Amino acid sequence: NAFVVIKNIGSHPLTAATIRYSIGNSINEIPPQLTYNWTGNLHFLEKDTIKLTGLNWNVIEGNRGVFSFEVSNPNGMEDPTPYNNHLSAAFDMPTKIETTQFQFHFQTNHAPDETSWTLTDAWGDTLYRNGENLTANTLYKNDMVLESGCYKLKVQDIHDDGLKFWANMPPNGNGTAGYAMLRKISSNGTTYAPFKTINPDFGRFAQIDFAVNQYTGLEEKHVENAMVKLYPNPAQISIFIEINGAEKEQVIAELYDMFGRLLKVQPFFGSNKLEMAVNELSQGIYIVVCREGGKVIGRNKFVVSGK
């Protein structure tokens, strides 16, 4: 998503405005614009941060794009100073990898309790993370299966000295260095050379942004699951699904794998909660879709972790 900040520099409160925004390949391009009708109550010099959704990132042809937006019609009237209503900003696109299978190599250093890592999707959901009680100077290989879309791999160190810091290395110290790298795996199981390697001297944290097969676009919509709750995540034995505000007799839960294959269907039978066994599933990402008749009321991703 894109975020913009608007500020009222007028003498009257700002209660409404029109925001038009777009992304393109260059500042000279005029791509189709999306519109957001903002409402609020900003007094002099007050600000508001606005999240703008619906952008199709797949229209960007190279490694860089341009985001543009314009604010107009303050309080439904013509703006007497329109020269300061428009802004454009260039941005870098994350690396796009055409595969769905990955392996993350994580070599701990002499202080394994200081460093941790997570892999999250475009919605901020954690799909993979490090295990508990890591051992010093040990290589952990973590297999990952990812759907098409955007991801963030983040490695953090609570003592701000990363996986390698010169002061910890001989002859000045007695520490050892670690490393972290992301590899892609072919359909026949071949592991390729790393396509992303983290500089181990990263201090507090390091981050890798990348896309699998395609960038998140208009066709990929995140269902707000106010009516559906799923836990635990990650899971090993069972998951529990709770619904609110729906006709329980008509709701079913469908379980899909990452390839879109329907694995099981389970009705709620008039209850607002059901338990679904997942112990027979392989490690990876799965999706539960809850339907009330033909209407989707919730779509939740979850991870089946290693036994």
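Heads up: numbering here begins at 1 and tracks the sequence. A quick note: this is a predicted structure, and the numbers were derived from the prediction, not measured.
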Original post:
Is a side-chain donor-acceptor pair under 3.5 Å present for Asn75 with Thr15?
Top reply: yes
Original post:
Are any side-chain N or O atoms of Thr108 and backbone N or O atoms of Thr135, one a donor and one an acceptor, separated by less than 3.5 Å?
Top reply: yes
Original post:
Shortest non-hydrogen contact from Tyr256 to Arg291?
Top reply: OH-NH2, 3.8 Å
**OP:** Grab the two heavy atoms, one from His110 and one from Gly175, that are nearest each other, plus how far apart they are.
**Re:** ND1-CA, 3.4 Å
Original post:
Does Tyr128 reach the main-chain N or O of Ser305 with its side chain, forming a donor-acceptor pair under 3.5 Å?
Top reply: no
Original post:
Any side-chain donor paired with an acceptor under 3.5 Å for Gln103 and His105?
Top reply: yes
**OP:** Mark yes or no for whether Lys264, through its side chain, and Ala277, through its backbone, hold a donor-acceptor pair below 3.5 Å.
**Re:** yes
Original post:
Of the non-hydrogen atoms in Pro74 and Leu14, which two are nearest, and what is the gap between them?
Top reply: CB-CD1, 3.7 Å
Subject >> Cluster overlap Met181 with Phe104, hydrophobic side-chain contacts below 4.5 Å >> reply: no
Original post:
Which salt bridge (Lys or Arg N to Asp or Glu O under 4.0 Å) pairs, counting each pair once, include a residue from residues 164-186, with sequence neighbours left out?
Top reply: none
Original post:
Would Leu52 end up clustered with Val66 when hydrophobic side chains under 4.5 Å apart are linked, directly or stepwise?
Top reply: no
Original post:
Listed by chain and number, what are the side-chain contact (heavy atoms from CB on, under 4.5 Å) partners of Thr18, not counting sequence neighbours?
Top reply: Arg20, Thr35, Asn37, Ser72, Asn73
Subject >> Other ILVMFWY residues reachable from Leu45 by side-chain steps of under 4.5 Å >> reply: Ile9, Phe44
Original post:
Does Tyr215 use its side chain to pair, donor to acceptor, with the backbone of Pro94 at less than 3.5 Å?
Top reply: yes
**OP:** Work out which heavy atom in Pro112 is nearest to a heavy atom in Ala136; give both atom names and the distance.
**Re:** CG-N, 3.5 Å
Original post:
Would you say Thr100's side chain and Val212's backbone share a donor-acceptor pair under 3.5 angstrom?
Top reply: no
Original post:
Would you say the side chains of Asp209 and Gln207 form a donor-acceptor pair under 3.5 Å?
Top reply: yes
Subject >> salt bridge (Lys or Arg N to Asp or Glu O under 4.0 Å): pairs with one or both residues in residues 74-89, sequence neighbours excluded >> reply: none
Subject >> Residues, nucleotides or ligands: over 12 heavy atoms within 6.0 Å of Phe205 CZ >> reply: no
Original post:
Considering all heavy atoms of both residues, which atom of Cys290 and which atom of Ile241 are nearest to each other, and what is their separation?
Top reply: SG-CG2, 3.8 Å
Original post:
Crowded around Asn84 CG? As in, over 12 foreign heavy atoms under 6.0 Å?
Top reply: yes
Original post:
Do Asn233 side-chain atoms and Lys301 backbone N/O form a donor-acceptor pair below 3.5 Å?
Top reply: yes
**OP:** Return yes when atom NE2 of His12 has more than 12 non-hydrogen atoms of other residues, nucleotides or ligands closer than 6.0 Å, and no otherwise.
**Re:** no
Subject >> Donor-acceptor under 3.5 Å (Asp157 side chain, Gly203 main chain) >> reply: no
Original post:
Does atom CD of Glu61 have more than 12 heavy-atom neighbours, drawn from other residues, nucleotides or ligands, at distances under 6.0 Å?
Top reply: no
**OP:** Would you list the pairs meeting salt bridge (Lys or Arg N to Asp or Glu O under 4.0 Å) in which at least one residue belongs to residues 80-97, sequence neighbours left out?
**Re:** Arg64-Asp92
Original post:
So which heavy atom on Leu274 is nearest to which on Ala253, and how close?
Top reply: CD2-CB, 4.2 Å
Subject >> Check against side-chain contact (heavy atoms from CB on, under 4.5 Å), Lys141 and Asp143 >> reply: CA-CA 7 Å; Lys141 297 181 180 181; Asp143 292 323; 5.7 Å; no
Original post:
Going by side-chain heavy atoms closer than 4.5 Å, which hydrophobic residues are tied to Tyr83, directly or by a chain of links?
Top reply: none
Subject >> Side chains of Asn56 and Asn58, donor plus acceptor under 3.5 Å >> reply: yes
**OP:** State whether the side chain of Asn8 and the backbone N or O of Leu42 hold a donor-acceptor pair below 3.5 Å, judged by distance alone.
**Re:** yes
**OP:** Please check if the distance between the ring centroids of Trp117 and Tyr140 is under 6.0 Å.
**Re:** no
**OP:** For side chain to side chain donor-acceptor pair (under 3.5 Å), just list the numbers for Thr176 and Asn109, CA-CA rounded to whole Å, side-chain angles, deciding distance to a tenth of an Å, and then say yes or no.
**Re:** CA-CA 5 Å; Thr176 56; Asn109 59 12; 5.9 Å; no
**OP:** Check the pair Glu114, Ile158 against side-chain contact (heavy atoms from CB on, under 4.5 Å), reporting the backbone distance first and the verdict last.
**Re:** CA-CA 5 Å; Glu114 295 181 6; Ile158 60 174; 4.0 Å; yes
**OP:** Identify which one of Trp57, Phe3, Phe67 satisfies the ring-ring contact (aromatic ring centres under 6.0 Å, His included) criterion when paired with Phe91.
**Re:** Trp57
Original post:
Can you check whether Phe210 and Phe102 have ring centres sitting under 6.0 Å from each other?
Top reply: yes
